[in-house]
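Order of the sequence lines fixes the chain letters, A, B, ..., with proteins taken first and strands second; residue numbering starts at 1 for each chain. Computed from heavy atoms alone, side chains included, the values below leave out hydrogens, waters and symmetry copies.
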Amino acid sequence: MAHKPLFALIDCNNFFVSCERLFRPDLQERPVVVLSSNDGCAVSRSNEAKALGIPMGAPAFKYRQLFAQHRVTTFSANFELYGDISRRIVSLLTTVTPRIEVYSVDESFLDLSELPINDYAAWGRAVRAIILKHIGVPVSIGIATSKTLAKLASEIAKRDENHQGAYSFIHIPPAERDAQLESVPVNDIWGVGRRLAPKLRADGIGSALGMARMRPQRAQQLIGIHGRQMVAELNGVCCHPLARDHDSAKSIMRGRTFGEDTAKQHVLESAIATLGAQAAFALRRQGLLARRIGFFANTNRHKPGYRSWSYEETLLQPTADSGDIITRLVKKLDEVFIPSQQYHRLGVYLYDLVGAEVLQTDLLGYIDGHAHDKAQARMQALDAINSKHGKGKLYYAAADLSSKWQPKHHIRSPRYVSNWDELPVARIA
DNA sequence: TCTGGGGTCCTAGGACCC
DNA sequence: TCTGGGGTCCTAGGACCC
C-alpha cells in the first residue's frame, strides 16, 4: 500500500559560518561573516551578524567599517571544508532513513512516510540533537506533507526559539496553521523570487496564506504551471516527490570573476583554458561527455555600459577532452573578441551531457573511434598525474597561472579536513 | 578601488523540414 | 502573386534556487 507523502526538511543554520565555528569555538555568539570568492560579498552570516543589519549578499567593501566597529570576524569561503562537513551530515542522516534527497550543500529532504513516528516535532528535536552532538552544526527541521510546506516549517522552526529547532504541520489545528502561513511573507515561499513577489503583491497576495487561498487558475495565469503547483503544495498536496538516485548533471559550469577587470584577449584565453580544464575534469569524473560547449563573458554589471556575451556550439562528436574543448573555445574567442571592453567575469559551460558509455560509432562515420580512444588515454594520464601529485600540477600551456585574473582569497580558513598540511593541531602542555 | 559561483527549468523566436 | 501548420533544433535570455 502506498503511503501518504510526508517530508522532513533538514536545513543547516548559517551553514558556512557554522562550519567555521566548528574549529573556532571562540566565535560562538560572536558576529561572523563568510565572504564569497574575491571576498566580494557576504554569503553566510551568524545570527549576531544578521542582528547588526548585514544583509545576504552585502558587498564587503561597503561594510568594512561596520565589520571593524563591531569586531565582526570574516572568512573567505572555504568550499572544500563545507563540502566535507555536508557529506558527514548526509551520512549521519542516512542512518535515520535511506530515503533521502540531498537538495543542496546545506539542505536535505527525508521521506518519513514509512517511519513509525507519533510526535513529529519531538522526532525532529531528537534528530537535531543527534546532528548537534556528532557534527556540531545546528539545524532547523520542518515537517509537512509537501516540500513547500516543509520548507516553510523549517523557517518557522528557525525563527521562533520556542519550537527548539523543529516545527511540524502534521496534526496542527487549522487556525494555528493559518496563523503561521499568514506570518510568512509571500517572497519567502519556495519558488517566489524578486520578480514574482511584486507581481503577486500587485494581485493582493502578501503572505503564504494568501497564496494558499489563491484560485489555482489565477496562479497559473500569473506564474504558469509552477503557480498552480505552488498553491497545491501550500495546501499540503504533494506535487514534488522525493528525488532519489540523483540524476546525472545536465550541465557543468566553471566561472570566475577576475581579480581585476581586463581588456586583454590573452587573459580571457588563459581563463578559458583554466576553467575549461576544470569543467572537463568534472565531466570526466562523472563519466560524462558534452555534446554542446560554450563560454560567456561579461563586464561589471554594477558599472554603466554593462554588456554580456555568450557563445556555444554543438559538436558532431561528444567530448570530455580538455584539449579539444579548450582549443575550440579559444578559437571561437578569437572570432568574437571585442577589444576595448573591460571584462569582469568569464565562464565555460558544458551542456547536453551524455554518459560516456553510450558513445557509439556514428553511422555516418563522423566519429573516429581510434582518435577517441587516444584522447581518452591522454585524459586518463592527465587525471592520474593530477590526482597523484596534486590538483593542477599538469595543465595546458594556455592556462597562464601567473596572471592576475586569479581570484583573491585573503582570509580563507585552513582546509582543516581536506588538506594534510592544514590539519588542526592540538598541543598538550 | 572593492558587489559570488554553480545549478535547473522555462520561454520564445528563427531556421529548417515535411 | 499569394498562400499553411506542426514539429524539432538551435540559440539567447530570464527566473529561480542555494
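- Using a 30° and 60° split on the angle between ring planes, Y349(A) and Y351(A) fall in the parallel class, below 30°.
- Across the protein-nucleic acid pair, D106(A) atom CG and dC17(C) atom P stand 14 Å apart, rounded to whole Å.
- Here the separation of dG4(C) from dC16(B), taken at their C1' atoms, is 15 Å to the nearest Å.
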Which atoms of nucleotides 7-14 of chain C (N or O only) lie under 3.5 Å from a protein N or O atom, and what are those distances?
{"from": "dT11(C)", "atom 1": "OP2", "to": "T314(A)", "atom 2": "OG1", "distance (Å)": "3.4"}

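- Listed nucleotides: dG4(B), dC17(C), dT3(B). Nearest to the side chain of R301(A): dG4(B).
- Interface residues of residues 214-231 of chain A facing DNA chain C, ordered by number: none; criterion, heavy-atom separation under 4.0 Å.
- For T257(A) and dG5(B), the shortest distance from a side-chain N or O to OP1 or OP2 is below 4.0 Å.
- One finds a salt bridge joining D261(A) and K303(A) here, because a Lys/Arg side-chain nitrogen approaches an Asp/Glu carboxylate oxygen to under 4.0 Å.
- In this entry the distance linking CZ of R194(A) with P of dC16(C) reads 6 Å, nearest Å.
- Atom pair E233(A):CD and dC17(C):P shows a separation of 14 Å (rounding to whole Å applied).
- Note on ring orientation: taking the six-membered ring where Trp is involved, the planes of F7(A) and F109(A) are perpendicular (angle over 60°, cut-offs 30° and 60°).
- Whole-Å rounding puts the L350(A) CG to dG6(B) P distance at 12 Å.
- If you measure from atom CD of E107(A) to atom P of dC17(C), you get 11 Å, rounded to the nearest angstrom.
- Annotation: E335(A), atom CD; neighbour count of heavy atoms from other residues, nucleotides and ligands within 6.0 Å is above 12.
- Distance CD (E260(A)) to P (dT1(B)): 14 Å, rounded to an integer number of Å.
- Taking the charged nitrogens against the carboxylate oxygens, K199(A) and D203(A) have no contact shorter than 4.0 Å, which rules out a salt bridge.
- Pairing partner, dC18(B): dG5(C), with both Watson-Crick or wobble hydrogen-bond distances short of 3.5 Å.
- Taking side-chain N and O atoms only, H344(A) has a distance below 4.0 Å to OP1 or OP2 of dT3(B).
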For a side-chain hydrogen bond (donor to acceptor under 3.5 Å, both in side chains) check, start with the C-alpha distance between Y82(A) and E20(A), then their side-chain angles and the critical distance, and finish with the verdict. CA-CA 9 Å; Y82(A) 312 149; E20(A) 298 291 351; 2.6 Å; yes
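- Taking the six-membered ring for Trp, Y120(A) and Y167(A) have ring centres at least 6.0 Å apart.
- Residue K151(A) contributes atom NZ, which lies 11 Å from atom C1' of dC16(C) at whole-angstrom precision.
- We find that CE of M56(A) is positioned 12 Å from P of dC17(C), with the value rounded to whole Å.
- Between E48(A) and R21(A), at least one side-chain N (NZ, or NE/NH1/NH2) sits under 4.0 Å from a carboxylate O, which counts as a salt bridge.
- Position along DNA chain B of the nearest nucleotide to P59(A) versus Q286(A) favours P59(A) as the more 5'-ward residue.
- V105(A) comes within 4.0 angstrom of no nucleic acid atom, judged by non-hydrogen atoms across all strands.
- S113(A) approaches K4(A) most closely through the heavy-atom pair CB-O, 3.2 Å.
- Residues C41(A) and M253(A) both approach DNA chain B. Their nearest nucleotides, taken by heavy-atom distance, put C41(A) toward the 5′ side.
- Side-chain nitrogen and oxygen atoms of S36(A) include none within less than 4.0 Å of the OP1 or OP2 phosphate oxygen of dG5(B).
- At dT3(B), none of the side-chain N or O atoms of K303(A) fall inside 4.0 Å of OP1 or OP2 (strictly under the cut-off).
- At a threshold of 4.0 angstrom between heavy atoms, the contacts of A60(A) with the nucleic acid are absent.
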Take Q221(A) and R218(A) through the test side-chain hydrogen bond (donor to acceptor under 3.5 Å, both in side chains) and record every step on the way to the result. CA-CA 5 Å; Q221(A) 212 176 4; R218(A) 180 63 187 151; 3.0 Å; yes
